[in-house]
Amino acid sequence: MRRIGGFAMALLLAASLAACGGDDAPATAPPTTATVAQDVVPFDGEPCSLLSAEQVAQATGYPVTGVRDEPPVSCVFDLATGGNVFVFVSVDDGMGRFGGAANLYEQYLLLAGDGETETVDGIGEGAVCCPFRTLAFDAGEGRFFAVGVAGTFNALAEPLEELKALAAAMLAGL
């Protein structure tokens with residue numbers, strides 16, 4: 001049996017929780033969610049090119065012990081936290097993937113309609129954060145990205161400021 005990686009497990013958890021809704025969920029979603037999937041422009045670079053190990057270490061305060069390319073849409077930076085904690089970057093390749101950044105952004109917008117996530121000002125065209133320690137954002141021109149912290153909660157349990165710094169670094173490098 002194939003083992004599911006930490007990033008994949010984090011995305012599965014995030015999406016499955018996002019898909020859960022009670023009978024009292026609002027009947028309408030924020031208007032921007034209807035066009036997200038239709039407007040995606042594929043990222044044509046490598047996800048690991050969006051951040052350097054130095055940028056991740058500077059933003060998180062933890063040295064990076066390894067960088068793993070997890071094709072086709074993610075990159076993982078292992079952190080020296082004394083536990084299993086890592087930063088991941090997710091892009092969108094325009095294929096409508098479950099783990100793609102546009103899908104995550106759209107799911108977070110739906111949760112914002114329920115008050116379960118918060119919008120974050122000053123990041124691209126729009127950003128939504130954090131029940132799953134992930135910031136998903138619209139970089140403009142149909143480009144969607146996400147950056148998050150996964151693993152144990154012994155470090156970076158409330159990473160909004162770190163995620164904002166990482167997103168800003170990603171946008172600056174585009």
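All residue numbers in this chain count up from 1 along the given sequence. Computed from a prediction, not measured in an experiment: that's the story for all the values here.
- Here CZ of Phe137 is found 4.0 Å from CE of Met170. Values are rounded to the nearest 0.5 Å.
- The residues Arg68 and Asp78 are annotated as salt-bridged, a charged nitrogen and a carboxylate oxygen being separated by less than 4.0 angstrom.
- A distance of 6.0 Å separates CG in Leu111 from CZ in Phe132, rounded to the nearest 0.5 Å.
- Nearest heavy atoms, Ala169 versus Leu51: CB-CD2, 3.7 Å.
- Leu104 and Val41 are not part of a single hydrophobic cluster, where members link through side-chain heavy atoms under 4.5 Å apart.
- The distance from the CG atom of Leu135 to the NZ atom of Lys164 is 9.0 Å, given to the nearest 0.5 Å.
- With Ser74 contributing its side chain and Ser90 its backbone, the two residues share no donor-acceptor pair below 3.5 Å.
- Dense packing is recorded around CD of Glu118, with more than 12 heavy atoms of other residues, nucleotides or ligands lying under 6.0 Å away.
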*Report the C-alpha distance between Thr117 and Cys130 in whole Å, list the side-chain angles of each, state the deciding distance to 0.1 Å, and finish with yes or no for side chain to side chain contact (heavy atoms under 4.5 Å, CB included).*
CA-CA 6 Å; Thr117 60; Cys130 276; over 6 Å; no
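- Ring centroid separation for the pair Phe144 and Tyr105 comes in under the 6.0 Å cut-off.
- A donor-acceptor pair under 3.5 Å links the side-chain atoms of Asp92 to the main chain of Gly94, judged by distance alone.
- Between Leu171 and Ala139, the shortest heavy-atom distance links the atoms CD2-CB, 3.5 Å.
- Closest approach of Cys129 and Leu160 over heavy atoms only: SG-CD1, 3.5 Å.
- Between Gly140 and Asp138 the shortest heavy-atom distance is N-OD1, 2.7 Å.
- A donor-acceptor distance shorter than 3.5 angstrom exists from the side chain of Arg133 to the backbone of Gly151, with no hydrogens or angles considered.
- Taking CG from Leu174 and CG from Leu50, the interatomic distance works out to 6.0 Å, rounded to the nearest 0.5 Å.
- A side chain to side chain contact (heavy atoms under 4.5 Å, CB included) with Val87 is found for exactly one of Val64, Leu163, Val149, namely Val149.
- Remark: the backbone N or O of Phe98 is paired with a side-chain donor or acceptor of Asn103 at under 3.5 angstrom.
- Here the CG atom belonging to Leu79 is positioned 6.5 Å from the CG atom belonging to Leu156, to the nearest 0.5 angstrom.
- Met95 and Val89 fall into different hydrophobic clusters, defined by Ile, Leu, Val, Met, Phe, Trp and Tyr side-chain heavy atoms under 4.5 Å apart, directly or through other members.
- The aromatic rings of Phe43 and Phe145 sit perpendicular to each other, their planes meeting at more than 60°, with 30° as the lower class boundary.
- Scanning both residues, Phe77 and Ala53, for their nearest heavy atoms gives CE2-N, 4.0 Å.
- Separating the CG atom in Leu109 from the OG1 atom in Thr119 is a distance of 9.0 Å, to the nearest 0.5 Å.
- Residues Val76 and Val67 form no side-chain contact, since every pair of their non-hydrogen atoms from C-beta on lies 4.5 Å or further apart.
- The shortest non-hydrogen separation linking Asp69 to Glu46 is OD2-OE1, 4.0 Å.
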